[in-house]
Amino acid sequence: MKKDLLSFKDWTADQLHSLLALAKTIKNNPASYRTALDGLSIVALFEKPSLRTRVSFDIGINKLGGHMVYLDTQSNKLVGREDVKDMGANLACWADAIVARVFAHNTLEELAESAKVPVINALCDMYHPCQAIADYLTISEHYDDFSTVKLAYIGDGNNVTHSLMLVGVALGCEVVVITPEDYEVDENIIKLTQARAQQFGGKLTVSTDINAANGSQVLYTDTWLSMGDETPLADIKDTFAGYEINEALMEKTGAEYVLHCQPAHRDLEISSSLMDSDASLLMQQAENRMHGQNAILVQLLNSGFKPKN
Ligand code: CP
Ligand code: NVA
């Protein structure tokens with residue numbers, strides 16, 4: 001039966017650890033995986049702009065011997081021409097998988113239901129699973145044991161936060177989510193994350209107090225205004241000002257590293273100098289987008305692949 005990746009909420013700790021191990025193997029032995037997607041074609045359907053996700057999927061698929069067709073629904077005006085389910089069924093006539101970046105999670109569910117091929121979430125309003133796997137791959141390259149890692153996400157409670165929570169506690173991390181009041185993460189995701197923490201051993205704390213980040217090894221932030229949110233920056237800037245990640249916060253919390261999924265806004269959610277400092281893992285994260293996604297593709301499309309020597 002085909003397997004989709006719409007979120008990681010139903011992936012066990014073992015499955016996540018195996019996926020990270022596969023990502024590392026592919027990263028360290030690219031030549032052995034050059035034919036892993038031989039002859040396979042993947043459609044990338046994007047309702048929103050992208051730099052990292054689009055390019056890392058395209059180049060990553062190419063490195064595995066596959067082929068990507070990019071469909072930009074903004075310039076191509078595909079949305080509204082036909083029902084999503086008809087688009088999904090048609091795409092599956094030619095493609096071996098669909099990677100989709102959409103506004104509403106429901107669109108992914110409709111695609112997954114109608115397409116007979118795996119659907120991979122490349123970001124929606126609720127989740128960004130491909131980002132989370134790259135983030136924890138990056139963290140694992142600095143810490144041997146996730147259970148020693150306290151990760152504080154500071155900023156707007158959003159899609160990136162949700163995926164960080166769901167994956168992080170299953171891997172055994174202590175995840176602290178700090179947002180201003182009224183910008184908290186989704187209640188259902190909190191409940192789900194707490195259940196996963198109980199099952200797998202991590203820990204979740206949710207707070208509006210920046211002091212909850214004290215003692216973290218890693219700080220993480222994302223844009224204060226996600227794609228599609230037309231709120232003027234001036235309306236929220238004062239609310240978020242105290243939640244900027246900067247050198248002073250790194251020192252106060254004792255954190256060693258800072259992460260950001262990017263695109264970043266210098267001197268808003270992260271200080272420009274911190275972004276360029278030795279503590280910044282942003283480019284490592286960006287590179288790991290490709291390795292994480294390649295592992296997802298191999299896992300979903302050709303899990304029996306035997307790496308070539
Ligand atoms: N982090 C991320 O998904 O970047 P893009 O929006 O550029 O793809
Ligand atoms: N939360 C951001 C992530 C961008 C990669 C957004 O949805 O725009």
- Message: If you apply the rule side chain to side chain contact (heavy atoms under 4.5 Å, CB included), what do you find for K2 with D4, and how did you get there?
- Response: CA-CA 7 Å; K2 70 133 174 171; D4 306 301; 2.9 Å; yes
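Residues H260 and Y220 place their aromatic rings such that the two centres sit no closer than 6.0 Å.
When only modelled atom types and interatomic distance are considered, E141 and Q284 share a side-chain donor-acceptor pair under 3.5 Å.
When atom types are taken as modelled, the side chain of Q15 and the backbone of T12 share a donor-acceptor pair closer than 3.5 angstrom. Not one N or O on the side chain of E269 forms a donor-acceptor pair closer than 3.5 Å with the backbone of E244. For D83 (side chain) and K85 (main-chain N/O), no donor-acceptor pair under 3.5 Å exists by modelled atom type. Using a distance-only test at 3.5 Å, with no hydrogens or angles considered, a donor-acceptor pair links the side chain of T161 to the main chain of D156. Judged by distance alone, with hydrogens and angles left aside, the side-chain atoms of S163 form no donor-acceptor pair with the main-chain N or O of V160 at under 3.5 Å. Using modelled atom types, one side-chain atom of H162 and one backbone atom of M126 make a donor-acceptor pair closer than 3.5 Å. The main-chain N or O of N214 is found under 3.5 Å from a side-chain atom of K150 such that the two form a donor-acceptor pair. Within the 3.5 Å criterion, the main-chain N or O of L192 finds no donor-acceptor partner in the side chain of Q194.
The distance from atom CG of L91 to atom CD1 of I42, rounded to the nearest 0.5 Å, is 13.0 Å. To the nearest 0.5 Å, atoms CZ (R101) and CZ (F57) are separated by 9.5 Å. Going from atom CD1 of I120 over to atom CG of L111 covers 12.5 Å, rounded to the nearest 0.5 Å. Here N159 contributes atom CG and Y127 contributes atom OH; the two are 11.0 Å apart, rounded to the nearest 0.5 Å. For the atom pair Q217 CD and I139 CD1, the distance stands at 10.0 Å (nearest 0.5 Å).
The two atoms that bring L20 and I133 nearest to each other are CD2-O, 3.6 Å, heavy atoms only.
Salt bridge D276/R266: present, at least one basic N to carboxylate O contact under 4.0 Å. Salt bridge absent: R52 and E287 never bring a charged side-chain N and a carboxylate O closer than 4.0 Å.
Under a cutoff of 6.0 Å and an axis angle of 45°, R54 and F46 do not form a cation-pi pair.
Here the rule is ring pair (Phe, Tyr, Trp, His ring centres under 6.0 Å) with Y183, and of Y243, W224, F240 only F240 fits it.
Taking the six-membered ring for Trp and thresholds of 30 and 60 degrees, H17 and F146 have ring planes inclined between 30 and 60 degrees apart.
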